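One-based numbering, in listed order, for ligands and for the atoms of each. Keep in mind the model is a prediction, meaning the values are calculated, not measured.
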Amino acid sequence: MLAGCVPYPPEFAERYRKDGYWRGERLGDLLRHWAAAGGDRTAVNAGRPAAPTTAASGAQDSSTERMSYAELDAAADRLARGLRRLGLARGDRIVLQLPNVIEFPAVCFALLRLGVLPVFALPPHREHEITYLAEHSEATAYLACDTFGGFRYGALGAVARKASPALRHILLLDGPDDDRNGVVNLRRLLDDPVDADEARASADADPPDPSDVAFFLLSGGTTGLPKLIPRTHDDYAYNVRASAEVAGLGPSSVYMVALPAAHNFPLGCPGLMGTLAAGGRVVMAPSAKPEDAMAVVEAEQVTITALVPALAIRWLEANAAERFDLSSLEVLQVGGARLVPEVARRIGPAIGCRVQQVFGMAEGLLNYTLLDDPDCVVVETQGRPLAPADEILIVGPDGEPVADGEPGELLTRGPYTIRGYYRAEAHNAIAFTHEGFYRTGDIVRRDASGNLTVEGRAKDLINRGGEKISAEEIENLLLAHPAVEEAAAVAMPHPVLGEQTCAYLVLRPDCPGVRGCPPEDSVDLAAVSAYLDSRGVARFKWPERLEIVAALPITNVGKIDKKKLREDIAAKLAAENGEGARP
Ligand code: OOB
């Protein structure tokens, strides 16, 4: 096991193997079976909306629009061979920041076969996040599109390399080729006319052990910067296989990746990997915009996709079914943030599909409603744990289990839930119990049928339409601004996104930068946005409202009273929108 990772205790590992959860599979081999058996079936294709919106949004044209299982398998081998020849080897880390391009699966499978560990960054991440991820993981490579959506990831890689001594290679899809400076065009490796057997032998020359860490997902994080979540081949293979079953995937399934593919939900719940393991077809949608994604559903005859509630609401608002033929869609998975019952109830009839609620976390535990659950379960609850071996505790503030039906914090342990974050000993001591249960920070209730309902949250983060923002990370950034004396970031309600970030600031009266003007004029939302932009902070984390105050409310134990701040901003918004406005 990689240094800095917490292994499963041997008695648990033994039990998970004996009970068939861990089968000794390598994720890199998931599609070998389908490649060998009738490899001409389409594995992945680029979803093109009919309207020319893709070009306008800056997406690049991919030279390959479709890859069969045999082609995908061979491309992954060729790329693996090329990367090995560059010097990448089992156990190395690589910061991967790809959007939903058709090459995404080939890149993933190449890395998984080599045992090179992707750190799954998201496309909106910028210098602040990428340099941290590179440094913290001691990545030797950064992989991205040279330019995408008008942003130059190649230049971002160069900045990360300056800050991170271990980072040697910048690997760019359709970018420049400058071997001597460690910049490589991935297309050359993907298209290398090397013999298929030779490529395969190289890809499989030094395979990872199934109990090894396969990749790192990012946690929403409640403290500082995102934590790295090490997932093993064994645990994620179960995650993918069991998710594919619960979502009813098979060879005739067509799964559209609309959310960013690097996120756990579209990656493996069952997502891209589950579809390929089941012999289905993956459609990479370049944009999650409702009109674009719905056009892809129609054009590609998509049968299943995953959305966050904010997008599901937008689909409803866009009069989906009247404007597009969505009749192929059988299952719409919704998760990542709370789906209110009123919206859940409307989706099925409006879109003409079955809803599956998914309450999951990158740390592991997944809860699903079942496709044959009664409507009341699908509408009112977030489902039940995927694995019979998932252990669930729901505890009160005293740490003792609450009675069924009562709300409490969800703690969990199981065959695909991590035992610790990467290189985070101090945080692990808080985030996990002595017995190895992960403290989810979610307040849930369990009903008599075993289904969970998410009631709230004990952790200090903002869930902006499924994107998790650590309040502490934003506060630390704001505190570094010369005019800011105190800062508190809290969630404020938003009708579509669910939550947005509001920052309460106490300004420094004597700050040299603001001397001469009244403090409340010196810092406004535009100034804070420009400041966070200059620090290279991903845009989705920028506060969307500022409240300048003389002092922050304090609890009787001397902490900032965030509950009061949340109530304050909710009341202000309600007053501004007028009572009776849509919540
Ligand atoms: C998914 O994963 P993460 O790691 O981005 O976020 C996990 C957190 C949960 O602890 C919970 O606070 C919230 O997101 N959450 C939900 C939810 N699904 C996730 N809150 C209410 N209702 C839901 N259905 O978000 C994720 C990972 C895999 C599958 C689906 C979602």
Per-residue contact class, Val334 against ligand 1 - non-hydrogen pairs under 4.0 Å: neither

Residue and atom name of the nearest protein heavy atom (relative to atom 9 (C) of ligand 1), distance in Å to one decimal: Asp442 OD2, 3.3 Å

Ligand 1 contacted by Lys459 (non-hydrogen, < 4.0 Å): yes

Residue pair Asp447 / Ser449, side-chain donor-acceptor N/O under 3.5 Å: yes

Parallel, tilted or perpendicular: ring planes of Tyr21 versus Tyr16, cut at 30 and 60 degrees: perpendicular

Part of Ala337 within contact of ligand 1 (heavy atoms, under 4.0 Å): backbone

Polar contact flag, side-chain donor to acceptor under 3.5 angstrom, Tyr238-Glu25: no

Quiz item: cation-pi between Arg15 and Tyr8, 6.0 Å / 45°: no

Short side-chain to backbone donor-acceptor contact, Lys459 and Thr440, under 3.5 Å: yes

From Tyr504 atom OH to Arg566 atom CZ, the distance as rounded to the nearest 0.5 Å: 10.5 Å

Part of Gln382 with heavy atoms under 4.0 Å of ligand 1, whether side chain, backbone, both or neither: side chain

Close-contact set for ligand 1 against Arg338 heavy atoms, below 4.0 Å: 20 (N), 21 (C), 22 (N)

Ligand 1 N/O within reach of His263 N/O, cut-off under 3.5 Å: yes

Distance filter under 4.0 Å to Asn264 heavy atoms, resulting ligand 1 atoms: 27 (C), 28 (C)

Proximity of Val358 to ligand 1 by residue part, where a heavy atom lies under 4.0 Å: both

Taking atom 30 (C) of ligand 1 as the reference point, the nearest protein heavy atom with its distance: Phe265 CG, 3.5 Å

Val454, any N or O under 3.5 Å of ligand 1 N or O: no

Identity and separation of the nearest protein heavy atom to atom 3 (P) of ligand 1: Lys468 NZ, 3.6 Å

Sub-3.5 Å N/O-N/O distance, Gly336 and ligand 1: yes

N or O contact, Arg457 vs ligand 1, cut-off under 3.5 Å: no

Short side-chain to backbone donor-acceptor contact, Trp542 and Val537, under 3.5 Å: yes

N/O donor-acceptor pair under 3.5 Å between Glu475 side chain and Ala488 backbone: no

Nearest non-hydrogen protein atom, atom 4 (O) of ligand 1: Ala362 N, 2.9 Å

Between Arg457 and Asn463: side-chain donor-acceptor atoms closer than 3.5 Å: no

Atom 19 (C) of ligand 1: the protein heavy-atom neighbour that sits closest, reported with distance to 0.1 Å: Gly360 O, 3.2 Å

Donor-acceptor under 3.5 Å (Arg464 side chain, Thr501 main chain): no

Lys NZ or Arg CZ of Arg419 over Phe12 ring: under 6.0 Å, within 45°: yes

Part of Gln357 within contact of ligand 1 (heavy atoms, under 4.0 Å): neither

